[in-house]
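Working notes, structure below.
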Amino acid sequence: MEISAPRGTKDILPDSSGHWRYVEETAREVCRAFGYNEIRTPVFEHTELFLRGIGETTDIVQKEMYTFEDKGGRSITLRPENTAGTVRAYLEHKLYGESQPVKLYYIGPMFRYDKPQAGRFRQFHQFGIEAIGSPGPAVDVEIIIAAVEFFRRLGLKDLDLFVNSVGCPKCRPVYRARLQDALRDKLGEFCEDCRSRFERNPLRILDCKHEKCGQLSQGAPRMGDCLCDECRDHFAGLQALLAAAGVPYRLNPRLVRGLDYYTKTAFEIQYPPLGAQSAVCGGGRYDGLLAELGGDPTPAIGYAIGLERVLLALEKQNLLPPADKAIAVFVAAVGDQARAPAFRLAAELRRAGLACEMDYMNRGLKAQLKQANRYPARFVAIIGEDEAANDKVTLKNMQTGEQQLVDAGQVEQKIRAEMGD
RNA sequence: GUGGCUGUGGUGAAGUGGUUAACACGCCGGAUUGUGGCUCCGGUACUCGAGGGUUCGAUCCCCUCCAGUCACCCCA
């Protein structure tokens, strides 16, 4: 064995592709119920889109992007997330001409050059939704409820919803400055990471896992105390609606999003047993992004759900659906003369819409029955020399063990009659 | 990117510095001639992750690399 899949990528094999389909279908059903329509954008975009959209100073842009030059000399990047691409498509195709808000969802692979770990891959899949055009907070609550509903339908338990407001371009700089002022004289005592974050992204310091840093930032001003009137009202409205909808949530003033475009509402849904990669859903409002990408100022909000992590959570809670390989009929041929009639019967049954299998390994009858049993098959249609000569089929019900000789042309209706449909 | 742990057949897993590396599952075949799910029997491992080194000799000792995993980091 020499060639293997690139690091951080994974083959989804038949034994688990059914799980993926189940999760994706659940996502699509929820989107239909909430009025979100699918959008499919390219897996690669001009690098520039992400530089401007996600922010040049973010970790994603600085060290996690798959960027390359194509043969035309363009700088191309495999999408590390899909909000930027979705917004780009919204602007490019002038979806602002449709009734607002425009509600979109996507499911697909994303790419980040991270060090792989359980729940963290270089190619991973996200299901995300974006609502563009409404300032909220009603849509904010709607998309959160959509996420909650998605998890509810899957049966997942023990999820925690955290919400926060990260302010807007009016109040965040004010808060940022106040925070820096409060931390400045103690800066030397913070960890190395925090010291480097001080200028670049001081809000992250509040998120630091180091106990020392946590203590040092204890008395620091909180974003909540510095929100401008508009942001404060918005945040209050969000919480009122969440409460009205009966959605349990927790405030987390330290919740910060890693992408520059977020404003006001920020939220995250976690499943703690996943350990370090416990965030299964993360999102928030990005009122500044459309203008940043050259559009008219337009409010918007969205989130992304990591499907690998959802699958991990489902596995932990034993909620993955069992594989369903059951078929209606297995056509067993015995002897050379039976081969052609068996093929013909299988083709007819399949054309009639019955799931049908047969042997391709020249196995004996016993082995074919064993094979049929494995699927399992409801019926086995046995064709040997006698049957082939008389245009008959021995039809065996695998549950009762009963078998009868029937005309080859009547196999389908016999099966349908016995299956009761 | 930093640090810890792990790497034996398709899968789960024992094991030893030295002839034919357990076991279980799976898969294939058989248990009188064309009949399954149970049972029994048999079969199924060119490199014990890769490449070097130590040694008379290494799958078990050392180094490097690769991969997985956990924490940090980041995030979905």
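Just so it is clear: chains get the letters A, B, ... in the order the sequence lines come, proteins before strands, and each one is counted from 1.
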Q) Looking at A:R309, does any N or O in its side chain come under 4.0 Å of the phosphate oxygens OP1/OP2 on B:rA76? A) no
(Q) Measure CD/A:Q277 against P/B:rU69 and give the value in whole Å, please. (A) 10 Å
Q.
So A:A372, base contact, sugar-phosphate only, or nothing? Heavy-atom distance under 4.0 Å.
A. nothing
Q: Rounded to the nearest angstrom, tell me the gap between atom CG in A:N373 and atom P in B:rC28.
A: 13 Å
Q. What nucleic acid atoms does A:L307 come within less than 4.0 Å of, heavy atoms only: base, sugar-phosphate, or nothing?
A. nothing
Q. Looking only at atom P, what distance separates B:rG7 and B:rG43, rounded to whole Å?
A. 30 Å
(Q) Please classify the nucleic acid contact of A:G275 as base, sugar-phosphate, or nothing, using heavy-atom distances under 4.0 Å. (A) sugar-phosphate
Q: Using only side-chain N and O atoms of A:Q368, determine if any of them is under 4.0 Å from OP1 or OP2 of B:rU35.
A: no
Q.
What's A:G335 touching, base or sugar-phosphate or nothing? Going by heavy atoms closer than 4.0 Å.
A. nothing
Q | Interatomic distance, A:R339 CZ vs B:rG34 P [rounded to whole Å] | A | 14 Å
Q. Considering only B:rC73, B:rG36, B:rU35, which nucleotide approaches the side chain of A:D59 most closely?
A. B:rC73
Q: Please test A:R344 against A:E348 for salt bridge (charged side-chain N to carboxylate O under 4.0 Å, His left out), starting from the C-alpha separation and ending with a verdict.
A: CA-CA 6 Å; A:R344 207 178 75 161; A:E348 280 169 7; 3.8 Å; yes
Q | Sugar-phosphate, base or nothing in reach of A:R120, heavy atoms under 4.0 Å | A | base
Q: Scan A:K366 against the nucleic acid and name what it touches under 4.0 Å (heavy atoms): base, sugar-phosphate only, or nothing.
A: base
Q: Indicate, with a heavy-atom threshold strictly under 4.0 Å, whether A:V334 touches base, sugar-phosphate, or nothing.
A: nothing
Q) Using a cut-off of 4.0 Å on non-hydrogen atoms, how would the nucleic acid contact of A:E387 be classed: base, sugar-phosphate, or nothing? A) base
Q: Select base, sugar-phosphate, or nothing to describe what A:F330 touches, counting heavy atoms under 4.0 Å on all strands.
A: nothing
**Q.** Per A:L369 side chain, nearest of listed nucleotides B:rU35, B:rA76, B:rG37
**A.** B:rU35
Q: Establish, with yes or no, whether the OP1 or OP2 oxygen of B:rC27 is under 4.0 angstrom from a side-chain nitrogen or oxygen of A:R374.
A: yes
Q | B:rU2 base / A:K115 side chain donor-acceptor hit below 3.5 Å | A | yes
Q. Atom CG of A:L255 to atom C1' of B:rA76: distance rounded to whole Å?
A. 13 Å
Q: For A:Q117 and B:rC70, give me the distance from atom CD to atom C1', rounded to whole Å.
A: 7 Å
Q) A:D114 has an atom CG; how far is it from atom P of B:rC72, in whole Å? A) 14 Å
Q.
Among A:Q413, A:Q404, A:R378, A:Q399, which residue satisfies the side chain to side chain donor-acceptor pair (under 3.5 Å) criterion with A:E418?
A. A:Q404
Q: Could you check how far CG of A:L13 sits from C1' of B:rG10, rounded to whole Å?
A: 12 Å
(Q) If the cut-off is 4.0 Å, is A:Q371 near the phosphate of B:rC28, judged by side-chain N/O to OP1 or OP2? (A) yes
Q) Does a donor on one side chain sit under 3.5 Å from an acceptor on the other, for A:E130 and A:Y286? A) yes
Q. Which nucleotide in the list B:rA71, B:rG29, B:rU35 gets nearest to the side chain of A:A276?
A. B:rA71
Q. Any side-chain N or O of A:R7 less than 4.0 Å from the OP1 or OP2 oxygen of B:rG68?
A. yes
Q: Could you please spell out the steps behind the salt bridge (charged side-chain N to carboxylate O under 4.0 Å, His left out) verdict for A:K10 and A:E308?
A: CA-CA 10 Å; A:K10 224 164 140 183; A:E308 280 82 358; over 6 Å; no
Q: Look at the side chain of A:A118 and decide which nucleotide, out of B:rA76, B:rC28, B:rU69, has an atom nearest to it.
A: B:rU69
Q. Does the A:S278 side chain pair with the main chain of A:L274, one donor and one acceptor, at a distance under 3.5 Å?
A. no
Q: Report which part of the nucleic acid A:E64 touches: base, sugar-phosphate, or nothing (heavy-atom distance under 4.0 Å, all strands).
A: sugar-phosphate
Q. Think A:R122 forms a cation-pi with A:Y113, using NZ or CZ under 6.0 Å from the six-ring centre and within 45 degrees of its axis?
A. yes
(Q) Between P on B:rA76 and CZ on A:F267, what's the gap in Å once rounded to a whole number? (A) 10 Å
(Q) Applying the side chain to side chain donor-acceptor pair (under 3.5 Å) criterion to A:R285, which one of A:T265, A:T263, A:D140 satisfies it? (A) A:D140
